[in-house]
Amino acid sequence: MTLTEVRHLLVELDLRPSKALGQNFLIDGNILEIITREADIRSQETVLEIGPGLGALTHKLTDRAGTVIAVEKDTRLAEYIRQKYPEVQLITGDAVKVPLPVCDKVVANLPYSISTAILERFVEGEAPPRRLVLTVQREVGQRLAAKPRHKDYGALTLFTQLRYHVTIVHVVSPNCFFPAPNVESAIIALDRRDPPVKLEPGAPFHDWVRLGFQQRRKMLRKLLGNHALVDTVLQSLGLPVTARAEELSLEQWIIMANHHRPAAA
Ligand code: SAM
């Protein structure tokens, strides 16, 4: 959609973009093409769109996918999408809360304020989609793709990379949206994959990672409590016993968590 089309549509629908709902509508054809190319949708696939808004992405999805499901919180926009795209299975509700359907792919320009909450649902859910192509705040994209020892590397990085390979596809200028947000965005692609090492059932990976990054300047042996175990594992991994959370790669975190033995009852 062009800026003129978006402006006209907003007037026609008597809508003013809501800041609270992160309503920054895509108005750049090049960005739309990049998202569509990266999504690489096949005719047998089920695609989920979060926040279809005025339908900038939706029509590309309905052209290509076997089934399109969309979740829109704004009831006025949901009504517009329902009328304009009757083939879309529309869920009117909050994508952070509603049960999300099983799908092959997710394509979305996410509202900034809920992007990590949405992402956590896919990354920690029971049926993770095969590929996600998302537009998020640039900083969020950098956190997801971060490498060990980088300031952006954290718990969200590891939880995401446990299941997905993350690529930053393209940085997006605020001018590609109306109204223009205050920050840059990034198109990211997440591809489902097996972790580099098998995570044993019951291994406290998520709890330990969370704990480790709650005070990222503190040594892991202090944070995780079990000095002897942590020292032994760190040394076997070739790391100093003074290591902090950000020094361990995903593989090393998994190995560490796999060493946990629950206390005997
Ligand atoms: N997809 C459209 C586009 O690219 O132009 C709109 C993107 S806009 C950044 C975000 C959309 O998400 C808006 O339509 C907004 O109403 C919707 N939205 C905001 N919060 C939501 C939530 N919690 N659940 C579902 N949709 C939400």
Side-chain angles (χ1 to χ4, degrees), residues 1-10 12-39 41 47-65 68-85 88-101 103 105-122 125 132-141 169-188:
M1 296 176 93
T2 62
L3 173 59
T4 313
E5 285 167 342
V6 167
R7 279 186 193 278
H8 279 158
L9 202 47
L10 289 171
E12 202 180 302
L13 298 171
D14 194 21
L15 290 177
R16 198 175 300 161
S18 154
K19 259 198 173 167
L21 289 176
Q23 290 176 347
N24 305 100
F25 300 105
L26 183 64
I27 51 167
D28 187 289
N30 289 330
I31 298 300
L32 180 61
E33 285 313 314
I34 294 173
I35 295 171
T36 312
R37 185 192 71 212
E38 288 296 320
I41 293 163
V47 178
L48 174 65
E49 184 182 8
I50 309 283
L54 295 168
L57 291 173
T58 318
H59 78 276
K60 293 280 188 190
L61 306 181
T62 53
D63 278 355
R64 290 165 173 74
V68 178
I69 307 172
V71 184
E72 175 56 64
K73 186 171 179 184
D74 187 320
T75 51
R76 302 159 309 167
L77 290 175
E79 190 45 38
Y80 168 74
I81 294 288
R82 194 184 302 283
Q83 285 182 17
K84 173 110 189 195
Y85 303 98
V88 171
Q89 296 178 20
L90 189 74
I91 300 167
T92 306
D94 184 343
V96 178
K97 296 187 182 143
V98 297
L100 294 174
C103 60
K105 290 180 177 166
V106 178
V107 182
N109 282 338
L110 288 176
Y112 294 136
S113 61
I114 58 161
S115 57
T116 54
I118 295 279
L119 203 76
E120 279 166 8
R121 294 200 71 185
F122 292 115
L132 296 95
V133 179
L134 307 173
T135 310
V136 294
Q137 193 172 335
R138 184 179 183 175
E139 281 72 19
V140 173
V169 174
H170 193 84
V171 173
V172 186
S173 148
N175 298 328
C176 297
F177 300 96
F178 176 79
N182 297 325
V183 293
E184 280 184 326
S185 303
I187 300 170
I188 57 170

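Quick note: residue numbers are just sequence positions, from 1. In each ligand, atom 1 is the first atom listed, and ligand 1 is the first ligand listed.
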Thr92 and Arg82: side chain donor to acceptor below 3.5 Å: yes
Under 4.0 Å from ligand 1, counting heavy atoms only: the protein residues, by chain and number: Leu21, Gly22, Gln23, Asn24, Phe25, Leu26, Glu49, Gly51, Pro52, Gly53, Ala56, Val71, Glu72, Lys73, Asp74, Leu77, Gly93, Asp94, Ala95, Asn109, Pro111, Ile114
Heavy atoms of other groups near Arg16 CZ, more than 12 under 6.0 Å: no
Contact summary for Asn109 and Phe177, nearest pair of heavy atoms: ND2-CE2, 4.3 Å
Arg76 side chain to Asp14 backbone, donor-acceptor under 3.5 Å: no
Any donor-acceptor N or O pair under 3.5 Å, side chains Gln137, Ser115: no
Exercise: identify the closest heavy-atom pair between Gly93 and Val71: O-CG1, 3.5 Å
